Protein chains: 2
Amino acid sequence: MEGRLDGDVVRVGGDARQRYYDSSGYGRPTGEGVALAPVEAAHLLFRGDLDAVDGLGFREFLAIEDRLVVRFLVYRDFRERGFYLSPAREGWVDASALSSDATPDSHGGDADAQAGPDLIVYPQGKGPWDDTIAYRIWVVGEREPITASSLGKCVLAVVDEESEITYLDTSCPTIDGSTTNVLPTTVSGDLLADRAILWNPPDGLYEAAFYGQRLAGRGAEGGPLQLSLVETAYLLGESVIDLGVDLATVVERGRRVEGERFDRRLAVYTTLREAGLVPKTGFKFGADFRTYADVESVDDLGHSERLVRVLPADHAFAPRELSLDVRLAGGVHKRMTFALTTPTGDVDWLAVERLTP
Amino acid sequence: MEGRLDGDVVRVGGDARQRYYDSSGYGRPTGEGVALAPVEAAHLLFRGDLDAVDGLGFREFLAIEDRLVVRFLVYRDFRERGFYLSPAREGWVDASALSSDATPDSHGGDADAQAGPDLIVYPQGKGPWDDTIAYRIWVVGEREPITASSLGKCVLAVVDEESEITYLDTSCPTIDGSTTNVLPTTVSGDLLADRAILWNPPDGLYEAAFYGQRLAGRGAEGGPLQLSLVETAYLLGESVIDLGVDLATVVERGRRVEGERFDRRLAVYTTLREAGLVPKTGFKFGADFRTYADVESVDDLGHSERLVRVLPADHAFAPRELSLDVRLAGGVHKRMTFALTTPTGDVDWLAVERLTP
């Protein structure tokens, strides 16, 4: 059969509706015929189920539009995995399926526009005539930046330079834990460069609440406790410690070593502690924090569940950095979680993980 | 015993030479006594083997110098692991031990200055009176940037914000492989956006030389071959393919999508291919390339051995990015390798891996 290009659709007449739509979920019915999105027409040409579009074969048709090839690669991949899917176009799929903006109230319209999914994938065995959706797919090339605030509901299909596809599922998790502690007050210590040392800390501060590290090293029984600058600032704000300097001095020192990033990390640290989690450094994993949701004692500490990277809410990810973080987190059985800090000091959570459809 | 601060050393008299130097390798002998570096004095104070320095105890002494605490933490760690070590000072250790600059001819003096090691560690059972060295240790806080060109001979001891230490061994590897191929000429194809497609490629181009990916997906027998833009530019330069456009056009398109980085990646790709390795995308690992040293056939491909990240030679690492890359590479049993590209188009290789002393 032959199709003809009409604006942004390919129209096919005759029994195309039955052949393409009814039997395999391609396109949209228009009376007897169907309207196909270019990506659908490309796939039918690739399979040999459509002979030509305005005389163009698969090879020539792929060239009509720059982004058609990457869309085609993802479309084909889902078809080969046994899914039916539709282009995410107004009027083609339910409007509710089109927005993939995580938190509409907190983000701008351009993020929505950028994040509008390209493809709507139906559960296996379902199709466009059903009203259930498996995935909202946003197709991006590996070099296209992705605004953090536009993620949270869609699945990124990143097509790398060699046309391999990596699927990254994004969600907005609720972060909470069960760790509670009664803390002492005005424990004395010294501020040394970018850390603090408590020379005679009360035992519970480390063993139960998991603040700091023993100066004598891991596993040491008692003795002086070292605090990171972010732990220091938090505990000073809570009046748990007294270093003979005020909070502003500590924050100033933090800014000196890492700029405004220190303020954002302190905001995230505080949010995590208040949510009942214990954040510790994620340095060995290249992250800001690793978190423990339920700490009763350092002696029987489980594995940390999340790796947290602190980013400004307007951060634009390079797909490669996402791939790096998610791959590493998966390898150590933790969930990669981004803490998006807004100028108002709020924290939006974004979890990203590898998906195999 | 008591010591006294004299310039940048702590002098201890009496039988200090025998107590500290002869029996445990602390300091430098000065007649009967010894001259101790502050980090050595701090450790002796910490152990209680020295009572005070000018009346200062361990707590007060730690505060005399901003970087003393991080140096102390690393010094103590090696002592606890059973090593003797010396501060890397002119006249205290052999001059040859002091330079940790990888390729003196190609880098500036300030890199040397920055990279001069802090501590010289002797093999277990050896000491300052022997002339063998186990590690040149460069102590850095997790927030101190590290010039790439100053690495290659030293071990980085990164003290993170919670005072945990990560050791990263750096070296300048020779990169070579055994992959050789006789390539066809003027294979025709199309340039599509940021990739190319060869519609009727000769079999060997993929199966033997491992260029591109089958359009029909992994494992497909024959059919059109997709090339990444960097593969396209390389093969065009070698006159292997003919896309009806010249090399400049492809390079221009590469710069459009990733700026001058494309030129650097092409230089590294070319260097790797000429050295007998097969570079493929490292996207799934967050790297530029993964490399195979000995490819005879794609059908019995082993695991790739290296992950390669392309960086300008003057790049300054944040310790956290090094930690992320090295941790990921270790987790997938590959060697993290940085390709440092100089303005002249040369490539210096830098390998970094986790070390447990």
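Just so you know, these numbers come straight off a predicted model, no measurement behind them. Residue numbers begin at 1 in each chain, while the letters A, B, ... track the order of the sequences. All heavy atoms count here, side chains included; hydrogens, waters and symmetry mates do not.
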Would you mind checking if A:R256 and A:E252 are paired as a salt bridge, meaning a charged N to carboxylate O distance below 4.0 Å? no

Strictly below 4.0 Å, N to O, side chains only: are A:R335 and A:E353 in salt-bridge contact? yes

Does any heavy atom of chain B fall under 4.5 Å from the side chain of [X], the backbone, both, or neither of them?
{"X": "A:L322", "value": "neither"}
{"X": "A:R214", "value": "neither"}
{"X": "A:R47", "value": "neither"}
{"X": "A:R59", "value": "both"}
{"X": "A:V332", "value": "side chain"}
{"X": "A:D288", "value": "both"}
{"X": "A:V69", "value": "side chain"}
{"X": "A:I165", "value": "backbone"}
{"X": "A:P319", "value": "both"}
{"X": "A:A287", "value": "backbone"}

Counting heavy-atom pairs under 4.5 Å with chain A, which one of B:D77, B:L229, B:L215 comes out on top? B:L215

If you count heavy-atom pairs within less than 4.5 Å of chain A, which of B:R195, B:R354, B:E258 leads? B:R195

Identify which part of B:V70 has an atom lying under 4.5 Å from any heavy atom of chain A, answering side chain, backbone, both or neither. side chain

Counting only non-hydrogen atoms closer than 4.5 Å, does B:R67 touch chain A with its backbone (N, CA, C, O), its side chain (CB onward), both, or neither? neither

Out of [options], which one racks up the most heavy-atom pairs below 4.5 Å with chain B?
{"options": "A:E231, A:E144, A:E162", "value": "A:E162"}
{"options": "A:R320, A:E142, A:K284", "value": "A:R320"}
{"options": "A:Q213, A:E80, A:E65, A:K280", "value": "A:K280"}
{"options": "A:V230, A:I197, A:L227, A:D66", "value": "A:D66"}

Could you tell me if [Y] and [X] have a donor-acceptor pair between their side chains, going purely by distance under 3.5 Å?
{"X": "B:T337", "Y": "B:R306", "answer": "yes"}
{"X": "B:Y269", "Y": "B:R273", "answer": "yes"}
{"X": "A:Q226", "Y": "B:S163", "answer": "yes"}
{"X": "B:K334", "Y": "B:S304", "answer": "yes"}

Taking the side chain as C-beta and beyond, is there a heavy-atom pair between B:V308 and B:F338 under 4.5 Å? no

Quick one: does B:E161's side chain get under 4.5 Å of A:D194's, heavy atoms only? no

Looking at A:F46 versus A:F61, is the centre-to-centre ring distance below 6.0 Å? no

Indicate, with yes or no, if the rings of A:F72 and A:F58 have centres closer together than 6.0 Å. yes

Keeping B:D242 on the side-chain end and B:V187 on the backbone end, is there a donor-acceptor pair under 3.5 Å? no

